[in-house]
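Down below is the structure, laid out as structure tokens.
For this chain, numbers begin at 1 and follow the sequence in order.
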Amino acid sequence: MGPMVVLRRTQNGSYRLAELDGTVSNLRFAAFRLVPYHARSRSSIPVTRLVDRNDLARVIADEDVTRADSEEI
């Protein structure tokens, strides 16, 4: 498990987290299990647009085609 993003704090004090790729964890984490991240610099990457399901499906399909082509060689 690597860096994760806090989605919300539940009423009982546990936290719902997501991976950096947006995959939401089904687990809930106690506060004492979390380690805060402090950035070393103020650099950031601008968000130009969000990926919707159709774009993601196309990316996965392209990866499958590329993988199948490389296996034939």
message: Are the side chains of Val24 and Leu17 in contact, using a 4.5 Å heavy-atom criterion?
response: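 The answer is no, as the side chains (C-beta and beyond) never meet within the 4.5 Å cut-off.
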
hydrophobic_cluster_shared for Tyr15 and Leu27, side chain cutoff 4.5 Å: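 As far as the 4.5 Å side-chain criterion goes, Tyr15 and Leu27 are connected within one cluster.
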
Could I get the full list of side chain to side chain contact (heavy atoms under 4.5 Å, CB included) partners for [X], not counting sequence neighbours?
X	result
Asp21	Glu19, Thr23
Ala30	Phe32, Arg33
Arg8	Thr10, Arg16

